[in-house]
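One-based numbering, in listed order, for ligands and for the atoms of each. Not measured: the values here are computed from a predicted model.
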Amino acid sequence: MPEATADIAVVGLAVMGQNLILNMNDHGFTVCAFNRTVAKVDTFLNNEAKGTKIIGAHSIEEMVSLLKRPRRVMLLVQAGTAVQSMIDQIVPHLEKGDIIIDGGNSEYHDSNRRHKELNEKGILFVGCGVSGGEEGARFGPSLMPGGSPEAWPHLKDIFQSIAAKSDNEACCDWLGEAGSGHFVKMVHNGIEYGDMQLIAEAYDLLLNGLGLSQDEMANVFDEWNKGELDSFLIEITANILRYKDESGESVVPKILDSAGQKGTGKWTGISALEYGQPVTLIAEAVFARCLSALKEQRVLASKVLPGSPLPQPEAFKNKKDFILKLGQALYASKIVSYAQGFMLLGEASRVFNWKLNFGAIALMWRGGCIIRSRFLGGIKKAFDTNPNLQNLLLDDFFKKAVSDAQESWRVVVASAALSGIPTPAFSSALAFYDGYRRPVGPANLLQAQRDYFGAHTYKLLTDAETSVHTNWTGRGGRVTSNAYQA
Ligand SMILES: *[C@@H]1O[C@H](CO)[C@@H](O)[C@H](O)[C@H]1NC(C)=O
Ligand SMILES: *[C@@H]1O[C@H](CO)[C@@H](O)[C@H](O)[C@H]1NC(C)=O
């Protein structure tokens with residue numbers, strides 16, 4: 001028997017797996033690398049891993065025999081059947097108390113199920129969201145682990161060592177039970193969709209509203225990156241806009257305006273609908289990608305559907321001032337998007353009893369990942385100050401930020417509408433804000449309509465307990481729809 005010297009095994013030697021292994025090795029851990037196609041193990045050991053302490057295994061049995069106890073096996077294989085098949089093959093070789101970590105982009109329902117199934121066998125399961133792409137994996141990702149809490153003391157040191165750091169704190173902490181890690185990662189990706197859509201709309205207004213050049217726009221994003229909008233996505237947007245190809249021309253105008261998606265934004269939208277949370281901005285961001293993909297239809301429609309004569313909105317005339325307003329509108333909309341994302345996290349935490357730590361989530365997103373930004377420091381502070389904060393918008397800091405930005409925000413959304421430039425993310429964020437801060441909305445009329453055509457009954461402002469039915473038409477019977485639901 002070989003000596004069990006490895007701290008952790010990583011299964012799956014695609015780029016994410018390889019980079020995480022090298023990162024762990026840099027931090028002094030002994031990692032055992034394994035891939036189902038074992039030739040990949042030797043290629044890795046003889047190339048990227050040459051001269052390191054990394055060891056390889058050529059079978060699952062060998063991998064397990066090389067691990068210290070409790071054994072820690074981290075999977076970085078494709079979500080779905082590949083993850084399941086690897087778990088099924090590894091588990092028979094493990095003992096009670098050993099730990100399986102799924103670092104792929106698994107769907108949280110799958111992680112909930114695996115957590116339960118493995119726990120019944122005495123194996124600890126951790127579903128861990130990993131963000132930051134290849135670069136992050138190599139030099140400091142954002143890690144979002146959740147699952148069996150007993151596993152955390154055995155992982156904390158490795159995970160927090162390799163994770164990105166923000167103000168000397170690791171962008172990795174324990175989230176909660178079962179599939180919570182993958183749920184938080186999913187919401188992270190949804191928020192990423194929202195941030196990207198907001199930036200795209202700002203770009204659209206700068207380009208088609210103000211008529212700025214690519215370089216001028218790059219300067220605007222650079223400027224924004226020095227203030228409260230300071231973030232990875234704003235930074236790369238400036239770099240992208242400034243980039244020139246071999247012919248010295250900007251690249252963005254040459255790119256087909258039809259967006260792809262892998263599904264995590266869609267899943268966030270589906271969860272929002274499932275748990276009844278108005279996560280409107282992310283949903284709009286997903287639909288905006290869907291609309292973008294209808295390129296042929298849009299080209300056709302552009303020849304058929306007119307905008308009414310659209311004079312230039314007053315606000316576009318002073319470019320400098322509009323750019324200022326646009327930055328404020330972007331910030332306010334972003335605050336709404338994160339407020340909505342945390343509403344979804346809060347409801348899922350309640351439904352699944354995960355007891356999510358919202359401050360820790362903000363910290364995990366503060367560095368390492370795609371949505372990393374200065375702004376998340378403020379969110380962490382808000383939840384640290386009040387862990388039971390009902391909504392981010394109610395925190396003093398963000399309440400003031402939105403209220404300071406609100407006039408500009410309205411000018412931007414109105415000007416966009418007047419000029420026919422679609423801003424679904426900016427607009428839906430503002431609509432949410434106005435809807436959320438209203439004590440009385442128009443849903444009384446919806447209730448009346450429901451009672452009129454379906455006898456669904458309604459309640460009165462003065463008595464929220466008793467169901468009332470009105471004989472609206474004179475043809476109504478005594479029976480309400482509630483009666484046949486009983
Ligand atoms: C093996 O490595 C390839 C990349 O070389 C990767 O795509 C695959 O997920 C890995 N599979 C397993 C089960 O290790
Ligand atoms: C509904 O109104 C009509 C007309 O006023 C009346 O004839 C009927 O009895 C009413 N139905 C009930 C259930 O009160």
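Residue contacts with ligand 1 do not include Thr37, since none of its heavy atoms lies under 4.0 Å from the ligand.
Residue Arg475 has no N or O atom closer than 3.5 Å to an N or O atom of ligand 2. Looking at ligand 1, you'll find an N or O of Arg36 within less than 3.5 Å of one of its N or O atoms.
The protein heavy-atom contact nearest to atom 7 (O) of ligand 1 is Ala14 CB, 4.0 Å. The nearest protein atom to atom 8 (C) of ligand 1, hydrogens excluded, is given as Asn35 ND2, 4.0 Å; this is a heavy-atom distance.
A ring-centre distance under 6.0 Å is found for Trp354 and Phe183. A ring-centre distance under 6.0 Å is not found for Tyr203 and Phe221. A centroid separation of less than 6.0 Å is found between the aromatic rings of Phe342 and Phe383.
Ligand 1 places these atoms under 4.0 Å from at least one heavy atom of Gly12: 10 (C), 14 (O). Listed by atom number, the atoms of ligand 2 under 4.0 Å from Asn471 heavy atoms are 1 (C), 2 (O), 3 (C), 8 (C), 10 (C), 11 (N), 12 (C), 14 (O). Close approach of ligand 2 to Gly474 (heavy-atom distance below 4.0 Å) involves ligand atoms 1 (C), 2 (O), 3 (C), 4 (C). Proximity to Lys40 (heavy-atom distance under 4.0 Å) selects the following atoms of ligand 1: 2 (O), 3 (C), 4 (C), 5 (O).
Applying the salt bridge (charged side-chain N to carboxylate O under 4.0 Å, His left out) test between Asp230 and each of Arg372, Arg374, Arg366 identifies Arg374 as the sole match.
Within the structure, every pair that satisfies the salt bridge (charged side-chain N to carboxylate O under 4.0 Å, His left out) test and touches residues 13-36, not counting sequence neighbours, is listed here: Asp26-Arg138.
A salt bridge links Lys254 with Glu249: the closest approach of a Lys/Arg side-chain nitrogen to an acidic carboxylate oxygen falls below 4.0 angstrom. Salt-bridge check for Glu95 with Arg69: passed, with a basic side-chain N closer than 4.0 Å to an acidic carboxylate O.
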